[in-house]
**Q** 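Handing you this structure, nothing more for now.
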Amino acid sequence: MSNFDRIIDRYGTNSAKWDSFIQGKKGEYLYMAVADMDFRSPEEMINKMNEIVNHGVFGYTILPESYYQSVINWFSKKHNWEIDKDWIVYSPRIGISISLIIQNITEVGDGIILQTPAYPMLNDVIVKNKRKIIRNPLILKNGKYEMNLSKLEEKIDKNTKIFLLCNPHNPTGKVFLREELEEIVEFCKKHNLILISDEIHCDLVFSPYKHIPITSISKDAENLGIVCNSITKTFNVPGVIASNLIIPNKQIREQVSEILDKAIIHNPNIFGAGITEEAYNKCEYWVEEVMNYIKKNKEYLEKYISKKIPQLEVIKSEGTYLVWIDYRKLNIPEEELNRILLEKAKLKIYTGSHFGEEGKGFIRVNLATPKKNIEEFLNRFYNVLKEEKLI
């Protein structure tokens with residue numbers, strides 16, 4: 001059994017989560033923002049990295065047959081999706097690949113559909129490439145997000161080229177239903193859109209919800225879609241830059257492969273190549289353990305807020321290790337909430353505008369941390385709200 005209660009000091013490790021926002025004395029601030037886990041990765045993967053380090057030669061790498069087979073076996077077992085080796089295209093970070101695809105298969109000013117609120121990277125790959133965001137806001141109804149494509153028809157034109165999906169959805173934790181995915185595929189087919197689905201959180205879903213890879217649902221979906229996936233969120237190795245694009249359609253796959261080739265993206269990261277097999281072949285148990293732990297953290301947070309801060313609404317999380325909280329009943333501007341959390345509670349979280357206009361009035365909190373940190377976060381949050389007479 002892994003010890004997820006263990007507090008690991010991450011200061012001084014070049015951590016984007018703990019070292020990029022240092023204020024005050026070490027340990028004074030509590031960081032619940034950046035989406036990585038505060039847990040050690042599975043020992044099998046750590047041992048594989050040590051084996052690579054101890055070998056001492058860090059030359060160029062290839063992907064052996066066994067690498068592809070581990071990916072194929074994982075998706076077959078975990079997601080009931082039978083994929084071919086040829087469909088798997090190695091890439092570095094998912095964001096890099098999506099950005100390169102957008103640069104090469106669309107023109108400046110072309111439209112790209114994005115469901116909002118949205119993980120900032122998905123916004124950035126559109127805006128920084130000078131493409132037009134066509135927002136399709138998710139609708140919050142009875143504490144749960146739903147999709148509505150009915151008004152999207154009015155927003156698109158012949159220059160709309162891509163539907164950019166995030167499933168499971170960051171930041172809301174929504175896991176899309178089969179009928180919703182079918183609706184998206186039908187929409188993309190009707191309007192001749194490429195469908196790019198960021199499914200990096202696909203293994204992190206709470207029972208009884210089930211992740212369905214979008215290109216697995218039909219032949220039409222296969223012909224339209226690119227699924228972006230990685231071991232990095234699942235096994236907490238985002239610092240090891242590695243991912244795969246799974247592209248059933250040969251024409252799209254060859255086009256994407258050529259795009260990556262032109263960017264001189266060839267040899268995979270030496271650690272990413274080595275540990276993917278360990279992760280997929282030996283570490284399924286760890287995913288089950290970590291999701292059970294995160295679920296308990298989520299339940300603790302929900303009970304605490306329900307009892308002591310009922311002005312907040314925790315949005316029903318179906319997947320990811322992130323929780324999306326509605327604070328609009330506090331009637332406090334985002335800038336002021338940020339200020340009191342930082343200055344008085346010594347808390348760093350992401351407030352909603354980080355995820356676009358539709359995120360305002362919400363905060364996103366990372367649950368993949370020892371329970372002691374969740375308890376400390378909630379107590380500080382409660383105390384500062386009480387001190388400021390907001391509750």
**Q** Check the pair E258 / K262 against salt bridge (charged side-chain N to carboxylate O under 4.0 Å, His left out), numbers first and verdict last.
**A** CA-CA 6 Å; E258 184 179 351; K262 284 180 180 178; 3.6 Å; yes

**Q** Do T232 and I94 have side chains that approach each other closer than 4.5 Å (heavy atoms only, starting at C-beta)?
**A**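 Counting from C-beta outward, T232 and I94 never come under 4.5 Å.
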
**Q** Salt-bridge test for K189 and E186: reply yes if a basic N is under 4.0 Å from a carboxylate O, no otherwise.
**A** no

**Q** For residues N244 and Y67, is any side-chain donor paired with an opposing acceptor at under 3.5 Å?
**A** yes

**Q** At their closest point, which heavy atom of N129 faces which heavy atom of V108, and how far apart are they?
**A** O-CG2, 4.3 Å

**Q** Can we say R328 and E313 salt-bridge, meaning some charged N sits less than 4.0 Å from an Asp/Glu carboxylate O?
**A**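 Looking at R328 and E313, the cut-off is not met.
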
**Q** For the pair Y280 and F75, name the ring-plane relationship: parallel under 30°, tilted 30 to 60°, perpendicular over 60°.
**A** perpendicular

**Q** Testing R131, K132, K158, K161 for salt bridge (Lys or Arg N to Asp or Glu O under 4.0 Å) with D110, which one passes?
**A**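 Considering R131, K132, K158, K161, a salt bridge (Lys or Arg N to Asp or Glu O under 4.0 Å) with D110 is found only for K161.
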
**Q** Below 30° counts as parallel, above 60° as perpendicular, anything between as tilted: where do the rings of Y350 and H354 land?
**A** parallel

**Q** Would you find a donor on one side and an acceptor on the other, under 3.5 Å apart, between the side chain of R253 and the backbone of V89?
**A** no

**Q** State, yes or no, whether a side-chain contact exists between C228 and I196 at a heavy-atom distance under 4.5 Å.
**A** yes

**Q** How about S70 and N281: does a side-chain donor come under 3.5 Å of a side-chain acceptor?
**A**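 There is no such pair between these side chains.
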
**Q** Taking E302 first and then K298, would you say they form a salt bridge - that is, a charged N and a carboxylate O separated by under 4.0 Å?
**A**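 Salt bridge between E302 and K298, a charged N being under 4.0 Å from a carboxylate O: yes.
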
**Q** With a 4.5 Å heavy-atom cut-off, do E180 and L177 have their side chains touching?
**A**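 In short, these two side chains touch, coming nearer than 4.5 Å.
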
**Q** Using a strict threshold of under 4.0 Å (side-chain N to carboxylate O), is an ion pair present between E376 and K346?
**A**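 Salt bridge flag = no for E376 with K346.
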
**Q** Does K308 make a cation-pi contact with Y382 (under 6.0 Å, within 45 degrees of the axis)?
**A**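 Yes, cation above the ring, under 6.0 Å and within 45°.
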
**Q** Sub-3.5 Å donor-acceptor pair from the side chain of T276 to the main-chain atoms of A273, do we have one?
**A**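 Answer holds: no.
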
**Q** For the residue pair Q311 and Y327, establish whether any side-chain heavy-atom pair is separated by less than 4.5 Å.
**A**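 No; the side chains remain at least 4.5 Å from each other.
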
**Q** What pair of heavy atoms forms the shortest contact from L330 to L312, and how long is it?
**A** CD1-CD2, 3.8 Å

**Q** Nearest heavy-atom pair of N366 and A35: which atoms, and what distance?
**A**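 Of all heavy-atom pairs spanning N366 and A35, the closest is ND2-CA, 3.8 Å.
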
**Q** Would a distance-only check, ignoring hydrogens and angles, find a side-chain to backbone donor-acceptor pair under 3.5 Å from T320 to H201?
**A** no

**Q** Quick one, L347 and L342 - any side-chain contact, counting heavy atoms below 4.5 Å?
**A**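 Answer no - side chains too far apart.
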
**Q** What I want to check is whether the side chains of E318 and H169 have a donor and an acceptor closer together than 3.5 Å.
**A** no

**Q** Which pair of heavy atoms, one from Y304 and one from L378, lies closest together, and at what distance?
**A**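 Closest approach of Y304 to L378, heavy atoms only: OH-O, 3.4 Å.
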
**Q** With side-chain hydrogen bond (donor to acceptor under 3.5 Å, both in side chains) as the criterion, how do E222 and S218 come out once you've worked through the C-alpha distance, each side chain's angles and the decisive distance to 0.1 Å?
**A** CA-CA 6 Å; E222 282 191 4; S218 67; over 6 Å; no

**Q** So R10 and D36, salt bridge (charged side-chain N to carboxylate O under 4.0 Å, His left out) or not? Walk me through it.
**A** CA-CA 12 Å; R10 298 184 62 191; D36 65 21; 3.0 Å; yes

**Q** Is L367 linked to F355 within one hydrophobic cluster, defined over Ile, Leu, Val, Met, Phe, Trp and Tyr using a side-chain heavy-atom separation of less than 4.5 Å?
**A** yes

**Q** With a 4.5 Å cut-off on side-chain heavy atoms, are D198 and L164 touching?
**A**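 They are not in contact (no side-chain heavy atoms under 4.5 Å apart), so the answer is no.
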
**Q** With a 4.0 Å cut-off, would you call R40 and E43 a salt bridge?
**A**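 E43 and R40: salt-bridged.
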
**Q** Do V71 and I83 come close enough that some side-chain heavy atom pair is under 4.5 Å?
**A** yes

**Q** Flag the pair N249 / L224 as yes when at least one side-chain heavy-atom distance between them is below 4.5 Å, and no otherwise.
**A** no

**Q** Consider only side-chain N and O atoms of S243 and N229, and report whether a donor and an acceptor are under 3.5 Å apart.
**A**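 Checked: S243/N229 side chains show no N/O donor-acceptor pair below 3.5 Å.
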
**Q** Within the side chain of N297, is there an N or O that forms a donor-acceptor pair under 3.5 Å with the backbone of T369?
**A** yes

**Q** Are the side chain of S99 and the backbone of I96 linked by a donor-acceptor contact shorter than 3.5 Å?
**A** no

**Q** So which atom in D326 and which in L140 form the shortest heavy-atom distance, rounded to 0.1 Å?
**A**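 Taking every non-hydrogen atom into account, OD2-CD2, 4.2 Å.
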
**Q** Take K344 and E388, measure what salt bridge (charged side-chain N to carboxylate O under 4.0 Å, His left out) needs, and give me the verdict at the end.
**A** CA-CA 10 Å; K344 298 191 173 185; E388 295 293 314; 2.6 Å; yes

**Q** Could you list who else is in V205's hydrophobic cluster, with ILVMFWY side chains joined at under 4.5 Å, directly or through other members?
**A** V175, Y209

**Q** When you compare the side chains of D261 and H266, does any donor N or O come within less than 3.5 Å of an acceptor on the partner?
**A**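 D261 vs H266: donor-acceptor pair found between side chains.
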
**Q** Does a side chain donor of either E199 or N167 reach within less than 3.5 Å of an acceptor in the other side chain?
**A**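 Result is no, nothing qualifies.
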
**Q** Should R135 and E357 count as an ion pair when the cut-off is N to O under 4.0 Å?
**A**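 Between E357 and R135 there is no salt bridge, as every charged N stays at least 4.0 Å from the carboxylate O atoms.
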
**Q** For the pair Q115 and Y145, evaluate side-chain hydrogen bond (donor to acceptor under 3.5 Å, both in side chains) and give the outcome as yes or no after the intermediate values.
**A** CA-CA 11 Å; Q115 293 179 309; Y145 278 94; over 6 Å; no

**Q** Of all the heavy-atom pairs spanning Y293 and K371, show the shortest one and how long it is.
**A**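 Residues Y293 and K371, closest heavy atoms: OH-N, 2.8 Å.
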
**Q** For D203 and H79, does a side-chain donor sit closer than 3.5 Å to a side-chain acceptor?
**A** yes

**Q** Check this for me, if you would: do K141 and E146 make a salt bridge, where the nitrogen-to-carboxylate-oxygen distance has to be below 4.0 angstrom?
**A** yes

**Q** Could you check whether K372 pairs with E375 (Lys NZ or Arg NE/NH1/NH2 to Asp/Glu carboxylate O, under 4.0 Å)?
**A**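 Looking at E375 together with K372, the answer is no, because their closest N to O distance does not fall below 4.0 Å.
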
**Q** Examine Y90 and V256 and state if one hydrophobic cluster contains both, with Ile, Leu, Val, Met, Phe, Trp and Tyr joined whenever side-chain heavy atoms are less than 4.5 Å apart.
**A** no

**Q** So, Q69 versus N73: side-chain donor-acceptor pair below 3.5 Å or not?
**A** yes

